[in-house]
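Notes to accompany the following structure.
Just so we're clear, the structure is a prediction, and the values are computed from it rather than from any experiment. Residue numbers run from 1 in the order of the sequence given. Numbering of ligands and ligand atoms starts at 1, following listing order.
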Amino acid sequence: MRNVILIGFMGSGKTTVGFRLSYRLRRTVIDTDKEIEREEQRSISDIFATDGEAYFRDRETLCLQKLLGSTGSQIISVGGGLPLRQENRELLHELGQVFYLSASAETIYERVKYDTTRPLLQGDDPMGRIRTLLAERDSCYREAADVVIDVNGKGFEQILCEIERAVV
Ligand code: S3P
C-alpha cells in the first residue's frame, strides 16, 4: 500500500482530514510539523524566531528523507510550505499518492483568522498575505499533486469520501 499524502495551504484542513482519514482507512497518521516540533522539542514559532525559515525548510526536507525509510501505508500531512522546494516535490512523489486540498483565500482566511501559531500569517494584513502566498504557491501544489480535491464549501464527510474514492 502506498502512503496517502495531504498537501495544501495553511488552514486547508490537512491535519483534520489526516486524522479522520486515519480512522477510516485504519492507517497511522504523521504530520511533518508535529514530527519537527517533537524532534526539536520546540514550537514552529520558536524555530522560525530563533533559527529562521531557511532552517525550518531544511528540517522539512530531512523529515521527508526519514519518512522514505519507514513503512509505506501511512497518512502523511505536510506543512503548507513544504511542496515549494523542487526536491521536496520529488520526495513526495516517491513517498506516495499526493492529494492537494485546494481552498480559496476566503475559505482559508475564515479558518485561520484567530490563529497565532503560524508565523507567516501574523501581521497587519493576513488576508493580503494569504492571497499573495496562495497565488505564488498554487502552481507548486498542482505540480506536486496526483489528485486535486476542491474543499471550498464542503464538509469533512464529503472531502473524506472524495479522497477515499481516489485512493489507489
Ligand atoms: C507553513 C505552514 C505551517 C507550518 C509553518 C509554515 C507555510 O503548516 O509548516 O508555519 O509555509 O505554509 P500548516 O500548513 O500545517 O499550517
What does the N/O contact table under 3.5 Å look like for ligand 1?
from: ligand 1; atom 1: 8 (O); to: D33; atom 2: OD2; distance (Å): 2.7
from: ligand 1; atom 1: 9 (O); to: D33; atom 2: OD1; distance (Å): 2.7
from: ligand 1; atom 1: 9 (O); to: D33; atom 2: OD2; distance (Å): 3.2
from: ligand 1; atom 1: 11 (O); to: R57; atom 2: NH2; distance (Å): 2.7
from: ligand 1; atom 1: 11 (O); to: G81; atom 2: N; distance (Å): 3.4
from: ligand 1; atom 1: 11 (O); to: R137; atom 2: NH2; distance (Å): 2.8
from: ligand 1; atom 1: 12 (O); to: G81; atom 2: N; distance (Å): 3.2
from: ligand 1; atom 1: 12 (O); to: R137; atom 2: NH1; distance (Å): 2.7
from: ligand 1; atom 1: 12 (O); to: R137; atom 2: NH2; distance (Å): 3.4
from: ligand 1; atom 1: 14 (O); to: K14; atom 2: NZ; distance (Å): 2.4
from: ligand 1; atom 1: 14 (O); to: G80; atom 2: N; distance (Å): 2.9
from: ligand 1; atom 1: 15 (O); to: D33; atom 2: OD2; distance (Å): 3.1
from: ligand 1; atom 1: 16 (O); to: R118; atom 2: NE; distance (Å): 2.6
from: ligand 1; atom 1: 16 (O); to: R118; atom 2: NH2; distance (Å): 3.2

Sorted by chain and number, sequence neighbours left out, side chain to side chain contact (heavy atoms under 4.5 Å, CB included) with T117 holds for D115

Other than F99, which residues form its hydrophobic cluster under the rule that side-chain heavy atoms must be closer than 4.5 Å?
V4, L6, V17, F19, L21, L25, V29, I75, L101, V147, I149, V151, F156, I159, L160, I163, V167

May I ask you to decide whether R38 forms a salt bridge with D31, counting only side-chain N to carboxylate O separations under 4.0 Å?
no

In Å, rounded to the nearest 0.5 Å, how long is the span from OG of S43 to CG of D33?
11.0 Å

Any side-chain heavy atom of Y55 sitting closer than 4.5 Å to one from E40?
yes

Which residues share a salt bridge (Lys or Arg N to Asp or Glu O under 4.0 Å) with R27, sequence neighbours left out
none

